Amino acid sequence: MDTPIASLYLISVGALAMCAFQAALLARSSSYVRACWTFAVICLTFALFQLSNVRQLAAPDLAVAVTAHKWVNFFSLLLIPQIWYLLASLDARKWSFRLAYAVGCVTAWLLFENFVAPYGYRFSVLTVDVPGELWWGERAFLLAGETTPAYAINRLLSLGAAVYAAIFCIRARSERVRFSNRLVWLSVVLIIVTTALGGATDAGMLQLPFLSGFGFLFLAASYLLLVRREATQRLTDKIRISAALEREMESHKRASLRFEHALSNDALTRLPNRVGALDLLHRMFVKSESNLTRMGVLLLDLDRLAIINGTRGYEAGNQLLVEVAQRLRDHCGKRMLVARLGSARFVVGIAGHKTWAGIESEVEGILSAAKAPFSIPGTVLNMTFSAGVAVYPDHASSAEDLLASAGLALHQARDAGPGNLRVFHPSLQQSLNERIGLETELKEALEKEQFVLHYQPQVCAATERVVCMEALIRWHHPTLGLVMPDKFIPLAEATGAIAAIGSWVIDAACRQMSNWRENGFTDLRVAVNLSAQQLLVSDLGEAVQSALQRAGLQGGDLELEITESVLMQDPQRSIERLEALRALGVRLSIDDFGTGYSSLGYLKLLPVHAFKLDRSFVRDIGRSAKDLEICATAVGLARNLGLELVAEGVEDAMQAAQLRKLGCHLLQGYYFARPLAAYAATDFLANGRKVA
Ligand code: C2E
Ligand code: MG
Ligand code: MG
């Protein structure tokens with residue numbers, strides 16, 4: 001078997017076995033799994049076919065050659081349904097599989113024929129039954145003879161497969177499938193040629209070994225090359241897709257982390273927001289519960305942030321909030337929880353203290369760390385905080401309840417006016433309910449004409465002649481009776497109702513003043529109290545001017561009182577607004593003087609006419625040398641600045657005498673008259689001090 005042709009056949013056997021192995025390997029990564037496996041089987045069959053060919057070519061006698069020839073037939077017959085099946089799996093149509101099975105049945109019959117017939121299914125009679133000489137001189141056992149009808153059927157089936165393959169390739173080419181490759185075309189042509197040559201040899205027309213195995217080898221190699229290319233492409237695609245998928249997942253993870261962060265954090269201050277705060281408070285609470293320690297929740301509201309937003313813009317308001325957050329963060333560090341619950345509200349969670357005193361001192365520390373002043377570009381703002389505190393286990397038994405209790409305490413603190421701190425007390429719930437009820441009623445009070453003004457006279461210290469009437473608002477509540485301003489003015493400020501109420505007060509006071517004028521009280525003016533929002537936000541100048549006009553009054557007939565703490569909130573803006581009011585000829589005074597810690601330098605800049613010394617200094621003037629000294633200093637200060645000094649809360653003759661002695665210009669207080677309803681105030685004016 002060591003002739004050149006035998007060697008060539010054996011080499012092809014090895015190559016085909018390799019192809020079978022390769023096709024089996026590719027079946028794992030190719031999209032044509034079934035086709036690859038079928039192809040592997042075809043390669044193996046072809047290898048066995050080639051091996052049988054070698055056996056026949058090198059047969060020592062006719063008997064061996066015929067047996068080998070039968071095996072050649074056997075394998076070549078097996079190949080026909082296999083090729084049909086391969087085409088069917090590439091084409092993936094139902095009928096093509098059916099066709100392949102039908103071909104299989106015919107082949108089964110041919111196989112049977114092959115083994116029962118004496119020379120195999122091809123030849124009925126042998127015409128060439130001795131080894132012949134090939135054209136290059138080598139001798140080989142080539143058999144030829146008269147072919148059988150079964151052979152014709154086999155040829156037809158092979159031809160059918162070739163036609164089907166050609167149709168498939170043409171179609172695949174038009175559909176741009178990878179099989180439409182020149183190499184495959186060439187292989188198909190080669191197979192047809194080699195099969196035709198094989199047919200001619202069988203018929204004894206040619207002296208050639210059966211060559212279709214070599215043609216197939218070429219097809220197998222090019223097919224594998226293509227499938228391999230497809231598989232490599234798929235692999236690269238797979239790697240690319242999985243890398244892209246990984247990147248996508250990574251960015252999705254990052255996005256969801258950002259989303260989660262945004263859900264529980266405040267974008268402006270970078271503190272946890274309400275959601276984040278509740279979660280952290282809850283954890284703190286669980287820890288405090290197991291450590292048997294107290295836990296405090298401090299709620300802080302930056303007072304009058306709305307005014308800053310309205311007067312200095314949201315940018316300034318935001319700067320303030322960021323600054324507050326920074327101060328709280330710096331002071332509290334990691335020991336405490338700091339979060340922003342929304343708008344002007346912050347929460348601090350204080351844990352790890354066994355006693356009340358521990359929490360109390362932390363609260364004091366936090367409040368003083370967050371305290372005024374705040375610098376924003378162009379000015380310094382003196383902001384205050386309203387604060388509410390609740391403590392576990394004294395006031396609540398869960399994190400949520402603790403926050404709610406601190407909220408109630410904060411409400412109460414706000415009702416008491418800016419800068420107040422309240423600790424939770426069970427009765428707060430009741431007062432909160434009242435507050436909520438009051439809030440709704442307050443909104444309707446103006447429409448229902450439930451507000452009235454009472455008037456308290458200011459008298460000249462020297463002559464006791466009434467020079468001014470201060471208008472003080474009261475609310476005739478349908479069920480609560482007469483409600484004092486301390487109870488509803490902070491509420492009106494918090495709800496924004498103050499703007500409308502304030503304008504009504506100016507208007508009503510001017511009307512009353514004009515009425516007094518008409519009744520002959522000419523040497524008199526009326527004083528009206530202003531809230532922070534009125535001074536800093538609303539268009540006060542216009543409201544004042546039109547009220548004066550409607551009442552037929554001059555600017556000098558009206559005095560506007562602004563508390564020192566309001567002026568101190570935004571000093572620069574206050575000065576601007578006061579100057580505009582002063583230009584209208586209106587008199588201006590600083591109410592509750594001495595409680596707002598104004599600096600002397602700043603007081604000098606205020607375009608006002610008078611200071612109204614707070615009644616807390618007047619109260620103990622007879623008993624406390626310190627208060628007497630404060631009054632004396634205030635008088636001296638007013639005199640130096642060329643201003644009038646009004647003493648509030650004068651309740652007895654002794655206080656009046658002392659203030660007079662100190663050089664106080666005007667006096668106001670129960671000693672002269674309590675705030676009086678309009679008709680009583682008119683009587684008072686008519687009868688001097690007799691009404692009081
Ligand atoms: P205020 O402007 O300092 O008014 C003086 C307050 O002191 C009045 O209280 C008055 O009744 C009280 N008072 C006067 N003399 C004495 C005295 O001899 N002893 C004592 N203990 N108290 C005296 P009222 O009417 O309750 O007003 C409280 C505050 O409410 C006022 O303080 C003022 O800041 C504010 N307010 C009153 N009316 C208005 C208003 O129309 N608008 C605004 N924004 N605030 C108002
Ligand atoms: Mg006043
Ligand atoms: Mg006052």
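Predicted, not measured: the structure shown is a model, and the values here were computed from it. Start at 1 and go down the list; that is how both ligands and their atoms are numbered.
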Enquirer: Around atom 11 (O) of ligand 1, find the nearest protein heavy atom and jot down its residue, atom name and distance.
Expert: Pro675 CG, 3.3 Å
Enquirer: Looking at the Mg ion (ligand 2), is there an N, O or S atom belonging to Glu648 that lies under 2.8 Å away from it?
Expert: no
Enquirer: Any idea which of Tyr670, Phe451, Phe672 brings a heavy atom closest to atom 22 (N) of ligand 1?
Expert: Tyr670
Enquirer: Heavy atoms only, cut-off 4.0 Å: how does Asp591 contact ligand 1, side chain, backbone, both, or neither?
Expert: side chain
Enquirer: For the ring pair Trp475 and His454, is the centre-to-centre distance below 6.0 Å?
Expert: no
Enquirer: Ion pair present between Glu493 and Arg304, side-chain N to carboxylate O less than 4.0 angstrom?
Expert: yes
Enquirer: Is atom 19 (N) of ligand 1 less than 4.0 angstrom from some protein heavy atom?
Expert: yes
Enquirer: Which of these, Gln533, His454, Arg474, Met484, has its nearest heavy atom closest to atom 25 (O) of ligand 1?
Expert: Arg474
Enquirer: If you take the nearest heavy atom of each of Pro485, Gly502, Ala673, which one is closest to atom 24 (P) of ligand 1?
Expert: Pro485
Enquirer: Purely on distance, is any nitrogen or oxygen of Tyr671 under 3.5 Å from one on ligand 1?
Expert: no
Enquirer: Distance check below 2.8 Å: does Asp591 bring an N, O or S atom to the Mg ion (ligand 2)?
Expert: yes
Enquirer: Quick one: does NZ or CZ of Arg615 land under 6.0 Å from the six-membered ring centre of Tyr670, within 45 degrees of the ring axis?
Expert: no
Enquirer: Could you go step by step and tell me if Val467 and Leu524 meet the side chain to side chain contact (heavy atoms under 4.5 Å, CB included) rule?
Expert: CA-CA 5 Å; Val467 288; Leu524 184 72; 5.9 Å; no
Enquirer: For ligand 1, which atoms, with element, lie under 4.0 Å from some heavy atom of Asp486?
Expert: 28 (C), 29 (C), 30 (O)
Enquirer: Does the side chain of Asp303 come under 3.5 Å of the side chain of Thr384 through a donor N or O and an acceptor N or O?
Expert: yes
Enquirer: On a heavy-atom basis, I'd like to know which of Ile501, Leu535, Ile473, Ile498 is closest to atom 39 (C) of ligand 1.
Expert: Ile473
Enquirer: If you count the atoms of ligand 1 from 1 in the order shown, which ones are under 4.0 Å from a heavy atom of Leu530?
Expert: 44 (N)
Enquirer: How about Phe684 and Tyr679: are their ring centres within less than 6.0 Å of each other?
Expert: no
Enquirer: Can a salt bridge be assigned to the pair Arg517 and Asp557 using a cut-off of 4.0 Å between side-chain N and carboxylate O?
Expert: yes
Enquirer: Of all the non-hydrogen atoms in the protein, which one sits nearest to atom 21 (N) of ligand 1, and at what distance?
Expert: Glu651 OE2, 3.2 Å
Enquirer: Would you say Glu493 touches ligand 1, if touching means a heavy atom closer than 4.0 Å?
Expert: no
Enquirer: Asp592 heavy atoms, cut-off 4.0 Å: which ligand 1 atoms fall inside?
Expert: 3 (O)
Enquirer: For Asp652 and Gln655, indicate whether the former's side chain and the latter's backbone hold a donor-acceptor pair under 3.5 Å.
Expert: yes
Enquirer: Is Thr563 close enough to the Mg ion (ligand 2) to have an N, O or S atom under 2.8 Å?
Expert: no
Enquirer: Which option wins on minimum heavy-atom distance to atom 7 (O) of ligand 1: Gln655, Arg674, Arg615, Glu648?
Expert: Arg615
Enquirer: Does the N or O separation between Gln668 and ligand 1 drop below 3.5 Å for any pair?
Expert: no
Enquirer: Looking only at N, O or S atoms, which one in Glu561 sits nearest to the Mg ion (ligand 2)?
Expert: OE1
Enquirer: Donor-acceptor pair, Glu444 side chain versus Glu441 backbone, under 3.5 Å?
Expert: no
Enquirer: Looking only at the side chains, is there a donor atom on one of Asp592 and Thr563 sitting less than 3.5 Å from an acceptor on the other?
Expert: no
Enquirer: Does Leu472 approach ligand 1 within less than 4.0 angstrom via side chain, backbone, both or neither, non-hydrogen atoms only?
Expert: both
Enquirer: Check Glu470 and report its N/O/S atom nearest to the Mg ion (ligand 2), by atom name.
Expert: OE2
Enquirer: Are the charged groups of Arg525 and Glu470 less than 4.0 angstrom apart, N to O?
Expert: no
Enquirer: Which residue and non-hydrogen atom of the protein lie closest to atom 42 (N) of ligand 1, and at what distance in Å?
Expert: Asn529 O, 3.3 Å
Enquirer: Going by the side chain to side chain contact (heavy atoms under 4.5 Å, CB included) test, name the single residue among Leu367, Leu410, Leu341, Val347 that passes it with Leu300.
Expert: Leu367
